[in-house]
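Contents: one structure, followed by commentary.
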Amino acid sequence: MDGGCPSTEEIKAIIEPFGESALRAKRAGFDGVQIHAGHRYFLSQLLSPSKNGRQDEYGGSLENKARLIIESYDEIRRRAGEDFGVFIKLNSTDLDEDDEVFTSCRYLCKQLADRGIDGIEISGGYGPFRPSPLFPYKESVLRDDAARIAKDVQVPVILVGLNRTPAVMEEILNTTDIEYFAISRPLMHQPDLPKSWWEQAKQQA
Ligand SMILES: Cc1cc2nc3c(=O)[nH]c(=O)nc-3n(C[C@H](O)[C@H](O)[C@H](O)COP(=O)(O)O)c2cc1C
């Protein structure tokens, strides 16, 4: 490692353990795994033009920026098999000033969909969204990005980030190709929230 930047060999060494850990998860009884390529962690940084300045086969072109994730996906699939769920969570935006992540996100989603990934979760920034001048509060904040991706791919797209009310999510379900919603912080406050939404919907029907 040189100044915090992994060498090409160090990057290649990541691929095999991805496959090994998926296989271990399968043997332990899990139904699937999700590759975390969002929230500005390492895989996420590779996809960002402003954060990936590599000169080797993992930097530069779209193909190169997506390469490690695709190689890791292929290894997971090879080791864990076709009957194991493989998902990815990735950023459509890093929510910073020089943000051009959408193009690589879209490219990668198409590649992974063609290879048979089971679902794609569209996220952004560091994960838990907080309102800021650059980024004011908006419910289901990444709906437009996720809807564009969902139009492109034939696999389920999951929207995460400030999903808060059933009416808004229902409207998204009815007007886009987004199929699922992930919710995090509301469930910390109220773990039975989906059940209470379900009860309310039954009463209104
Ligand atoms: C305390 C906390 C821990 C989190 N840990 C993870 C994590 O390990 N992996 C992940 O993909 N997202 C993680 N997230 C992000 C959430 O999964 C989710 O993407 C984000 O909070 C936006 O959804 P929300 O607006 O419904 O909270 C975490 C969020 C919180 C608040």
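No hydrogens, no waters, no symmetry mates; every other heavy atom, side chains included, goes into these values. Atoms within each ligand, like the ligands themselves, are counted from 1 in listed order.
Of all non-hydrogen atoms in F30 and F84, the two that sit nearest each other are O-CE1, 3.2 Å.
Compare G124, G161, S184, S123 by their heavy atoms: the one nearest to atom 16 (C) of ligand 1 is in S184. With distances taken over non-hydrogen atoms, the option nearest atom 17 (O) of ligand 1 out of H39, E139, H36, K89 is K89.
Scanning all protein heavy atoms for the shortest distance to atom 27 (O) of ligand 1 gives R185 NE, 2.6 Å. P128 CG, 3.7 Å is the protein heavy atom nearest to atom 29 (C) of ligand 1. In terms of protein heavy-atom proximity, atom 22 (C) of ligand 1 is closest to G127 O, 3.5 Å.
Residue-environment remark: CZ (R185) exceeds the threshold of 12 foreign heavy atoms within 6.0 Å. Surrounding CD of Q200 are more than 12 heavy atoms belonging to other residues, nucleotides or ligands, all under 6.0 Å away. Counting heavy atoms of neighbouring residues, nucleotides and ligands inside a 6.0 Å radius, atom NZ of K138 exceeds 12 of them. Within a 6.0 Å sphere centred on CH2 of W198, heavy atoms belonging to other residues, nucleotides or ligands number 12 at most.
Atom 31 (C) of ligand 1 lies below 4.0 Å from at least one non-hydrogen atom of the protein. Protein heavy atoms are found inside the 4.0 Å sphere centred on atom 19 (O) of ligand 1. There is no protein heavy atom closer than 4.0 angstrom to atom 7 (C) of ligand 1.
Contact check for K65 versus Y107: no side-chain heavy atoms found under the 4.5 Å cut-off.
Partner of Y180 under the side chain to side chain contact (heavy atoms under 4.5 Å, CB included) criterion, out of L173, I158, L159, I120: I158 alone. Under the side chain to side chain donor-acceptor pair (under 3.5 Å) rule, S123 has a single partner from H39, K89, H36, which is H39.
Ligand 1 lies nowhere less than 4.0 angstrom from a heavy atom belonging to Q34. Residue contact check for ligand 1: E121 places no non-hydrogen atom closer than 4.0 Å to it.
Geometrically, ligand 1 and N163 share no nitrogen or oxygen pair separated by less than 3.5 Å. At under 3.5 Å, not a single nitrogen or oxygen of M188, backbone or side chain, sits near a nitrogen or oxygen of ligand 1.
For R24 and E20, the salt-bridge test passes: some basic side-chain N is under 4.0 Å from an acidic carboxylate O.
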Between Y73 and R115, does a side chain to side chain donor-acceptor pair (under 3.5 Å) hold up when you go through it step by step?
CA-CA 9 Å; Y73 168 79; R115 289 172 127 79; over 6 Å; no
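Close approach of ligand 1 to R164 (heavy-atom distance below 4.0 Å) involves ligand atoms 24 (P), 25 (O), 26 (O), 27 (O). Of all atoms in ligand 1, listed by their number and element, those nearer than 4.0 Å to a heavy atom of V160 are 18 (C), 19 (O), 23 (O). Heavy-atom proximity to I183, at under 4.0 Å, picks out these atoms of ligand 1: 26 (O).
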